[in-house]
Amino acid sequence: MSKILIRGAQVLGGEPQDVLIDGETVEAVGAGLSAEGAQVIEAAGKVLLPGLVDLHTHLREPGREDSETVLTGTRAAAVGGYTAVHAMANTFPVADTAGVVEQVWRLGKESGYCDVQPIGAVTVGLEGKKLAELGAMHDSAAGVRVFSDDGKCVDDAVIMRRALEYVKAFDGVVAQHAQEPRLTEGAQMNEGVVSAELGLGGWPAVAEESIIARDVLLAAHVGSRLHVCHLSTAGSVEIVRWAKSKGWNVTAEVTPHHLLLTDEMVRSYNPVYKVNPPLRTEADVMALRAALADGTIDCVATDHAPHPHEDKDCEWGAAAMGMVGLETALSVVQHTMVDTGLLDWAGVADRMSFAPARIGRLAGHGRPVAPGEPANLTLLDSAYRGPVDPAGFASRSRNTPYEGRELPGRVTHTFLRGRATVVDGNLT
């Protein structure tokens with residue numbers, strides 16, 4: 001590969017610097033760099049970040065290729081500035097064996113748009129009754145370190161304890177979808193004023209909070225690593241904050257849509273706003289933003305959940321839950337966290353690259369923009385403002401809640417180990 005000189009970029013939002021890429025690594029960072037024959041990218045006024053890492057992506061393959069494939073999902077990831085994603089296990093068949101996780105991992109290698117790290121199921125078939133082949137998945141070519149039944153909660157306390165004990169052997173982590181099933185039977189949206197007025201089944205905050213409270217205690221008892229998926233309530237924030245104050249090994253993520261949207265959106269009865277966990281109140285949104293800013297919530301994860309139009313273009317009660325998010329995540333974080341003064345760009349780099357790579361134990365990603373480091377980089381035009389147009393998405397699905405909404409920021413370039421996957425906003 002030829003050398004690439006990124007000239008005048010604001011590295012992590014700081015003073016303008018030049019960044020020289022040679023092959024797969026960053027060769028030099030500084031002012032006034034030059035390199036004979038290098039491809040020059042003029043980046044004045046743009047922000048250079050380490051390649052983004054997503055801890056929570058649904059790529060749907062195998063089994064639901066009508067929604068997404070590893071190829072289309074990783075193309076969407078690259079457009080959004082991601083160089084690595086963790087693929088959730090709720091595929092068909094479920095990623096609960098070494099064979100399935102290796103299939104997903106190899107498909108990611110073949111796609112070439114970003115690295116794909118499979119997440120293994122905690123229980124066989126996501127049924128919550130028997131532990132899956134955790135050790136075999138870890139020992140496979142995919143090297144699985146994160147396990148989750150996402151989409152379903154590991155609600156049996158004994159099974160959850162056993163999983164936490166098992167993953168200690170290889171410094172793994174159990175990522176919990178916190179949803180007490182008995183408290184959410186028939187639930188359609190957040191339980192509160194809006195659900196009462198609309199007559200839709202309510203999804204109480206305590207259904208999430210009770211599971212998180214139980215699991216942080218289990219993690220402390222076992223001395224293992226717990227990660228809380230898509231945390232969505234102010235009460236959940238307080239439980240995680242308390243667990244961290246005790247020194248327990250607990251981490252948490254928040255989605256972009258829970259940083260911006262509220263249950264008031266459901267008044268439209270537009271199923272694009274139907275998601276699990278549900279959109280919460282304005283007070284919850286503000287608590288989540290504050291917790292992400294102060295580090296109680298460790299990272300932003302998209303929970304990219306693509307669905308074909310027939311699963312969303314229907315009545316509310318029949319609609320599937322979920323939203324696509326890879327291509328808009330950085331814009332939403334800029335809008336909710338940077339433009340509001342809650343985070344600077346170095347903070348964004350931490351919450352969207354360093355922290356998720358660290359939690360997932362993903363080598364080669366979430367690294368500083370510095371000489372000798374892998375050239376996994378994202379260049380952002382933060383001054384850009386424009387409406388979201390799902391017709392131009394790289395994802396196979398279009399179920400975005402932001403259609404027509406003006407959001408800031410546009411990824412102009414993404415580099416995976418020195419190779420451009422996105423140039424001038426377009427896939428290569």
Side-chain angles (χ1 to χ4, degrees), residues 53 55-56 86 88-89 95-96 98 101 117-124 126-140 142-150 152-180 207-231 233 235-254 291-292 294-299 301 350-351 354-363 365-366:
V53 176
L55 262 179
H56 194 143
H86 291 72
M88 278 295 175
D96 57 4
V101 296
Q117 177 58 53
I119 290 177
V122 176
T123 66
V124 175
L126 307 182
E127 294 177 353
K129 297 176 181 178
K130 179 183 177 182
L131 285 184
E133 300 174 3
L134 309 184
M137 287 187 279
H138 172 260
D139 293 339
S140 73
V144 177
R145 301 284 286 276
V146 184
F147 300 87
S148 180
D149 277 3
D150 183 64
K152 294 184 178 180
C153 177
V154 182
D155 62 308
D156 186 311
V158 174
I159 295 291
M160 186 64 179
R161 174 181 174 172
R162 297 295 177 237
L164 288 165
E165 289 172 335
Y166 199 110
V167 301
K168 284 181 65 179
F170 43 81
D171 190 31
V173 59
V174 179
Q176 176 69 293
H177 173 114
Q179 178 191 348
E180 166 49 56
E208 174 175 304
E209 295 157 6
S210 60
I211 293 293
I212 296 174
R214 183 201 73 178
D215 287 352
V216 298
L217 292 169
L218 285 174
H221 178 71
V222 171
S224 190
R225 296 172 60 214
L226 170 72
H227 180 71
V228 181
C229 294
H230 45 49
L231 184 150
T233 78
S236 296
V237 166
E238 291 308 311
I239 295 166
V240 170
R241 184 174 282 129
W242 172 75
K244 288 190 169 191
S245 75
K246 306 285 282 185
W248 299 343
N249 205 339
V250 175
T251 55
E253 69 189 33
V254 65
L292 183 63
D294 70 22
T296 300
I297 297 175
D298 300 82
C299 64
D350 178 75
R351 308 307 193 272
F354 302 150
R358 182 174 64 249
I359 293 166
R361 300 296 196 263
L362 196 58
H365 293 274

**Request:** Give the minimum heavy-atom separation between L134 and F170, together with the two atoms involved.
**Result:** O-CZ, 4.1 Å
**pair D171-R225: side-chain heavy atoms closer than 4.5 Å** = yes
**Message:** To the closest 0.5 Å, what do you measure between CD (E180) and CZ (R214)?
**Reply:** 8.0 Å
**Prompt:** Do any N or O atoms from the side chain of R145 and from the backbone of L362 form a donor-acceptor pair under 3.5 angstrom?
**Reply:** no
**Message:** Strictly distance-based, threshold 3.5 Å: is any side-chain N or O of S148 a donor or acceptor partner for the main-chain N or O of A175?
**Reply:** yes
**Prompt:** Is any side-chain heavy atom of V53 less than 4.5 Å from a side-chain heavy atom of F354?
**Reply:** no
**Asked** Between CD1 of I359 and OG1 of T251, what distance do you get to the nearest 0.5 Å?
**Response** 4.0 Å
**Asked** What do the steps show when you test V167 against S224 for side-chain contact (heavy atoms from CB on, under 4.5 Å), and what is the final call?
**Response** CA-CA 8 Å; V167 301; S224 190; 3.7 Å; yes
**Request:** Using a 4.5 Å cut-off on heavy atoms from C-beta on, say whether the side chain of L131 contacts that of V124.
**Result:** no
**Minimum heavy-atom distance between D294 and R241, given as atom pair plus value** = OD2-NH2, 2.8 Å
**Asked** With a 4.5 Å heavy-atom cut-off, do Q179 and I211 have their side chains touching?
**Response** no
**Asked** Going by atom types only, do T233 and E209 share a side-chain donor-acceptor pair under 3.5 Å?
**Response** yes
**Sidechain-backbone polar pair: K244 side chain, I239 backbone, donor-acceptor under 3.5 Å** = no
**Item:** Flag side-chain contact, heavy atom, 4.5 Å: C229 against M88
**Value:** yes
**Request:** Mark yes or no for whether K168, through its side chain, and V222, through its backbone, hold a donor-acceptor pair below 3.5 Å.
**Result:** yes
**Asked** Between D298 and R351, is there a salt bridge with N-O shorter than 4.0 Å?
**Response** no
**Prompt:** OH of Y166 to NE2 of H138: how many Å apart, nearest 0.5 Å?
**Reply:** 10.5 Å
**Request:** Over 60° means perpendicular and under 30° means parallel, so classify the ring planes of H230 and H56, tilted if in between.
**Result:** tilted
**Asked** Hey, what do you get for CD1 (I297) to CD (E253), rounding to the nearest 0.5 Å?
**Response** 9.5 Å
**Message:** Just by distance, no angles: are the side chains of S236 and E208 close enough, under 3.5 Å, to form a donor-acceptor pair?
**Reply:** yes
**Prompt:** Heavy atoms, side chains only, cut-off 4.5 Å: are M160 and D215 in contact?
**Reply:** yes
**Asked** Quick one: are D149 and Q176 in side-chain contact, heavy atoms under 4.5 Å?
**Response** no
**Message:** When you compare the side chain of K152 with that of H177, does any pair of heavy atoms fall below 4.5 Å?
**Reply:** no
**Request:** Using a strict cut-off of less than 4.0 Å between a Lys/Arg side-chain nitrogen and an Asp/Glu carboxylate oxygen, indicate whether K129 and D156 qualify as a salt bridge.
**Result:** no
**Message:** Pair W248, L226 - check side-chain contact (heavy atoms from CB on, under 4.5 Å), show working.
**Reply:** CA-CA 9 Å; W248 299 343; L226 170 72; over 6 Å; no
**Item:** Between CG on residue L217 and CZ on residue R161, distance to nearest 0.5 Å
**Value:** 12.5 Å
**Distance-minimising heavy-atom pair for A243 and V250** = CB-CG2, 4.2 Å
